[in-house]
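To start, the structure itself, in structure tokens.
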Amino acid sequence: MVARVDCDTLRRWLADGDELALFDVREHGQYGEAHLFFAVPLPFSRLELDVERLAPRRGVRIVLVDDDERVAARAAQRLSAIGYRDVRVLDGGVPGWAARGHPVYAGVNVPSKAFGELIEHACATPSVTAEELARMLQRGDDVLVLDGRPFAEYQKMNIPGAICCPNGELAYRLHRLVKDESTPIVVNCAGRTRSIIGAQTLISLGVRNPVRALQNGTQGWTLAGQSLERGSRHRYPAEGIDDVPPALRESAQVFADRAGAGSIDAETLAAWRSDPDRTTFMLDVRTPEEFAAGTLAGAVHAPGGQLVQATDQYVGVRNARLVLVDDGDVRARVTAGWLRKLGHQAWVLAGGIAAAAATLGLARGGDPESAQQTAAASAGAIAEIEADALHAGLRDAAIVAVDLRPSPAFRRAHVAGSVWSIRPRIAARLDGESRPITLVADDPRIAALAALELPAAQRARLRLLRGGFAAWQDAGLPVLSTPADPPDAECIDFLFFVHDRHDGNLDAARRYLAWETGLVEQMDDLERGAFRLPH
């Protein structure tokens, strides 16, 4: 039997101040069409791979949501099997929640994006239009355009001449990017949130330069008829940042203090992490390169700007303790201050990584080993088949091949003769199939988890294509492209929600910006009350 919880009880739990992990276990495309405001995406296809990162404590209170309770019930069984002890399914799922008159939301990272809109209003964050910025650049004005997104996003498209400096790095590296206090600074992202938060960060820290957010980011730039650069490599200074001005360090301290983000020492953090009754996240907010070079044992990488922009990608437990670490204090303090305003219980590790190394230990940055072990133990390995053997079996119709890669990848190219499926639907797709089955996957763990949904008779004759689709291509075997197969309605892992807004589709960009600015109007009192906005 799977325990359930009704909508009214869930509303009370969302407001009671205790820890709660509210997971939407549908696939990414389904989640993005309509979900609860506080629901964190945890697709069933990746359940065991991601749950330990999002909810590391096995005793945390968990509520699972889907459309009709079927996938949620299966997910509840799987979580119980790997040791989670307090798991429930929401009665009626998302449709039941909406039927009770509660708002549901399209898109992703909704709490963070709604927060950005509220901050712009509460702080009267100044902005500049794309047309105004274009005129400044055309005149050759002394203006510094800083792109607040991660480098990989920046390289896809950027305002001509803009320098990549992710929001989490702005306060830390600004003094190396601008020398004249009279130089105007414009912060942009792809849309609105990071433009607003980045600009307001600098303003709140007392930067003397005139600071503006670019209205609607690169999408607004394109809508204004301007062209974007692609593949640019202009980025913040990566090394030697040991001369942050004392005044800026002090401003970061004041920013964190005013938001209620205090400091804790390594001994306190160690005690919190061993507390069986509370969840503590230790989040390294530095750059990917710094994290990869070494971090505290057990720390998870969460770049500061992205942690504010997309908190639900890193933290799956409401009212958990978030402890931010870096190699100093500026980045952690600024990020902690924003997280406090977002409604999270955030602290800063005093003295950074060096001060805690002796107590907590050091490790190379990477995925938590325990999560990998949990996924492997829960699934198990699948015997492999070579590409040539699979080709022969397909030619003779003696084997069924099922591709578990993302549906857009399948559409672009796949093993000729294979079909596409995904964990929630693979059992139905293969119902009654008596031939041997071969799975095609980029990640063998995804295949192992999908295999758990099949009956024992099918699992006994299951194989995995060695080397995945890349091995099939390398062998020069037949490849097929099917732009309309699977049809859109079956691509539950892909969010079609204005997905081509960055590729010249102006209508998609307009729809996205209208969605983003319209979030605040949807929010109810419970959702608004989660934030701690400045007066």
Side-chain angles (χ1 to χ4, degrees), residues 109 112-130 132-133 143-154 157-159 161-178 183-221 232 234-237 241 244 248 251-252 255-256 259 285-287 302-311 324 326 330-342 513 516-517 533-534:
N109 310 135
S112 295
K113 291 184 177 294
F115 174 73
E117 299 300 316
L118 291 169
I119 283 294
E120 182 185 45
H121 176 75
C123 297
T125 306
S127 62
V128 62
T129 66
E132 291 168 334
L133 177 59
V143 56
L144 177 64
V145 182
L146 298 177
D147 193 312
R149 300 171 298 159
F151 188 57
E153 273 193 70
Y154 164 84
M157 71 283 180
N158 66 277
I159 306 299
I163 298 173
C164 174
C165 189
N167 275 4
E169 303 295 316
L170 283 173
Y172 189 55
R173 303 180 190 270
L174 182 68
H175 67 290
R176 291 291 189 92
L177 294 167
V178 61
T183 300
I185 298 172
V186 176
V187 181
N188 80 272
C189 64
R192 296 179 52 79
T193 308
R194 286 170 289 188
S195 302
I196 295 166
I197 298 298
Q200 192 57 51
T201 294
L202 298 180
I203 293 168
S204 297
L205 294 179
V207 170
R208 295 179 181 273
N209 301 71
V211 180
R212 301 288 185 270
L214 176 62
Q215 287 183 17
N216 301 327
T218 58
Q219 291 175 91
W221 184 262
S232 176
H234 299 297
R235 63 190 301 183
Y236 57 85
I241 306 299
V244 177
L248 194 55
S251 295
F255 181 78
V285 299
R286 300 174 302 156
T287 66
Q306 292 304 102
L307 184 54
V308 175
Q309 149 78 7
T311 314
L324 309 188
D326 64 7
V330 173
R331 289 176 286 187
R333 293 194 187 284
V334 171
T335 305
W338 281 120
L339 290 174
R340 282 279 175 170
K341 295 176 190 294
L342 266 162
L513 294 169
E516 199 164 13
T517 55
L533 299 172

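All residue numbers refer to positions in the sequence shown, counting from 1.
Remark: side-chain polar atoms of R340 are not paired, donor with acceptor, to backbone N or O of A256 under 3.5 angstrom. For the pair Q219 (side chain) and N216 (backbone), a donor-acceptor distance under 3.5 Å is absent. Distance alone, capped at 3.5 Å, is enough to place a donor-acceptor pair between the Y154 side chain and the H234 backbone. Proximity of a side-chain donor or acceptor of D147 to a complementary backbone N or O of A162 within less than 3.5 Å is not detected. The closest donor-acceptor contact from the side chain of N209 to the backbone of T183 lies under 3.5 Å.
Between R192 and E120, at least one side-chain N (NZ, or NE/NH1/NH2) sits under 4.0 Å from a carboxylate O, which counts as a salt bridge.
Between the CG atom in L174 and the CG atom in L205 there is a gap of 9.5 Å [rounded to 0.5 Å]. Rounded to the nearest 0.5 Å, atoms CH2 (W338) and OG (S112) are 12.0 Å apart. Taken to the nearest 0.5 Å, the CG atom of N158 stands 7.0 Å off from the CZ atom of R149. The structure places CD of Q215 at 9.5 Å from CD1 of I196, a figure rounded to the nearest 0.5 Å. To the nearest 0.5 Å, the span separating CZ on R333 from CG on D326 amounts to 9.0 Å. Annotation: the span from L118 atom CG to K113 atom NZ amounts to 14.0 Å, rounded to 0.5 Å.
Checked options I197, N109, T193, T311; the residue passing with F115 is I197 (criterion: side-chain contact (heavy atoms from CB on, under 4.5 Å)). Partner of F151 under the side-chain contact (heavy atoms from CB on, under 4.5 Å) criterion, chosen from P166, C165, S232, C164: C164.
Closest approach of I185 and L202 over heavy atoms only: CG2-CD1, 4.2 Å. Here the closest heavy-atom approach between residue A130 and residue G220 is recorded as CB-O, 3.7 Å. Across every non-hydrogen atom of L248 and A171, the tightest pair is CD2-O, 2.7 Å.
For the pair R286/Y172, no side-chain contact is recorded, criterion being any heavy-atom separation below 4.5 Å from C-beta on. Between V308 and N167, every side-chain heavy-atom pair lies at or beyond the 4.5 Å cut-off.
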Worked check of side chain to side chain donor-acceptor pair (under 3.5 Å) between R194 and Q306: CA-CA 9 Å; R194 286 170 289 188; Q306 292 304 102; 3.0 Å; yes

